[in-house]
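What follows is a set of notes on a single structure, which appears directly below.
FYI, side chains are in, hydrogens and waters are out, and symmetry mates aren't considered; it's all heavy atoms of this structure. The sequence lines fix the lettering, A, B, ..., with proteins before strands; numbering per chain opens at 1.
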2 protein chains.
Amino acid sequence: MAVQAPIGMRSRNQSQRRKRIVQTATALALRGGVEAMQMRAVAERAGVALGTLYRYFPSKMDLVVAVVTEELDLLEASIIRRPPAAESAAGRSVDVLIRATRGLLREPELADALVRSLIMAEARTELAPRITDLIWRVASGPPSPTAEAEPATPDRESPGYVLAGALTSVWIFELLEILKGHRDIDDAQHRLDTAAGALLADFEPAEAAETAEPAEAAR
Amino acid sequence: MAVQAPIGMRSRNQSQRRKRIVQTATALALRGGVEAMQMRAVAERAGVALGTLYRYFPSKMDLVVAVVTEELDLLEASIIRRPPAAESAAGRSVDVLIRATRGLLREPELADALVRSLIMAEARTELAPRITDLIWRVASGPPSPTAEAEPATPDRESPGYVLAGALTSVWIFELLEILKGHRDIDDAQHRLDTAAGALLADFEPAEAAETAEPAEAAR
DNA sequence: CCGACAAGTAGAACAGATTCTAGTCCGTGG
DNA sequence: CCACGGACTAGAATCTGTTCTACTTGTCGG
């Protein structure tokens, strides 16, 4: 077999291979969900040996996390592309979360994988903090499209960040409930509104927030 | 698995058997954790055939949930025995949650099972709501040992209940983080204090409990 | 050119949950 | 008394994640 590409730089091939694996895995997960994303199947369709797959992703969970991480990238990009417009920190946060929810529910199987990853994933990759950072940013400042000055490194001990983390927990659970069929989106939104209202009532991005106080930023 | 209408002696034997299975499972889970609680092993030690075990518990998850449910009973009993003393609703809630946390961490393997059950368990048994109910009750009533006045049936749509549910989410996540080794109890307590302070700031089912200070929960 | 080596490959082997097969046992209605 | 049905049993079989074996290839320093 091994139509080994003509001798080339190993590292590029590696990342190429890795990418192909993740794509294959995503494709499989998109239908059938996580259980359809079987390691043998992924290896086969990606054209690598099972052992190789396991070299790149030591466990299925790692692969799931990789898939989900890409999804998360897309989500963040979409947020940046169209920032939330609400007045309050809570409003903006819920806006983002609900949009994320709707987006995810378009691929319930993937959403399921995301949630499980957020919850179960070991220290390997920190997924949940990415959500919390997102909320933090969104809550912190009315997004000023030009300013990069937004705290890309929030103080993770500050009350504001802790509360953003709490909201993340709530969101993940609501998403989970939706996926389990216990709620619909509107119900979840209502709950998120309630929780966010309480959690972010007097949200203030710790210190360095002064820089970003332009009330009505451009759109 | 419905505890179907009794049929003579049969039903007693059934519940006897069921109980023995759960006990065996618990014993195994107490050491080794969920992975040590292998279906074959449980069946063997409980003295039933594998098929029978699967008749009673269609999946391992169901068995885990059964085990964890018993644990939850113990927790509730312990709460009733020694009600939280703090002034504020938030203080009492955190008190209970931290006590639960400490108790659970005495059996990390079981704690792990609990958390995963709370999260993953399907509609079958509703574990998380039991926690929320607990928080609700504890938050609602300044512990009046005599008063039965508190309704055991909270309005699950009320803002107060929704907020209690949010606190449940936060707690489960903090517990998870502790189990993953990302936090210690004190850290978690601090976060719970922050979250509960915000969520239950002006909690009141009927009465008033203004002082929403992050309470020094019991040691 | 050589030997060491990392990265691959094909495929067998292992492990534990879940399912399936065949047959036994026992209480009950006819 | 007896056939039926449901609960059990022992154990094989299946499925899927994970690990292991044995062998090939491509790269590279010397």
OP1 or OP2 of D:dG17 under 4.0 Å from side-chain N/O of A:R40: no
B:K60 NZ - D:dT16 C1' separation (whole Å): 15 Å
For residues A:H182 and B:E126, is any side-chain donor paired with an opposing acceptor at under 3.5 Å? yes
Could you tell me how far apart B:E35 (CD) and C:dA17 (P) are, to the nearest whole angstrom? 10 Å
Salt bridge (Lys or Arg N to Asp or Glu O under 4.0 Å) with A:R130: which residues, sequence neighbours excluded? A:D73, A:E76
Whole angstrom value for the distance that separates C1' of D:dG6 from CZ of B:R17: 13 Å
With respect to the side chain of A:M39, which nucleotide from D:dG17, D:dC8, C:dA17 is positioned closest? D:dG17
Rounded to the nearest angstrom, tell me the gap between atom CG in A:L63 and atom P in D:dT16. 16 Å
Mind checking side chain to side chain donor-acceptor pair (under 3.5 Å) for B:T26 and listing every partner two or more places apart, or none if nothing turns up? none
To the nearest Å, how far apart are A:M61 CE and D:dT16 P? 19 Å
Which residues satisfy the side chain to side chain donor-acceptor pair (under 3.5 Å) test with B:Y161, sequence neighbours excluded? B:D133
Rounded distance (Å) that lies between atom P of C:dA7 and atom CZ of A:R18: 15 Å
Roughly, in whole Å, what's the span from CD1 in A:I21 to P in C:dA7? 14 Å
Identify, with sequence neighbours excluded, every residue that meets side chain to side chain donor-acceptor pair (under 3.5 Å) alongside B:T132. B:T168
When rounded to whole Å, the CZ to P distance for the pair A:R55 and D:dT19 reads 13 Å
What residues, two or more places apart in sequence or in another chain, satisfy side-chain contact (heavy atoms from CB on, under 4.5 Å) together with B:E109? none
Note: contacts of residues 41-54 of chain A with DNA chain C (heavy atom, under 4.0 Å) are A:G47, A:V48, A:A49, A:T52
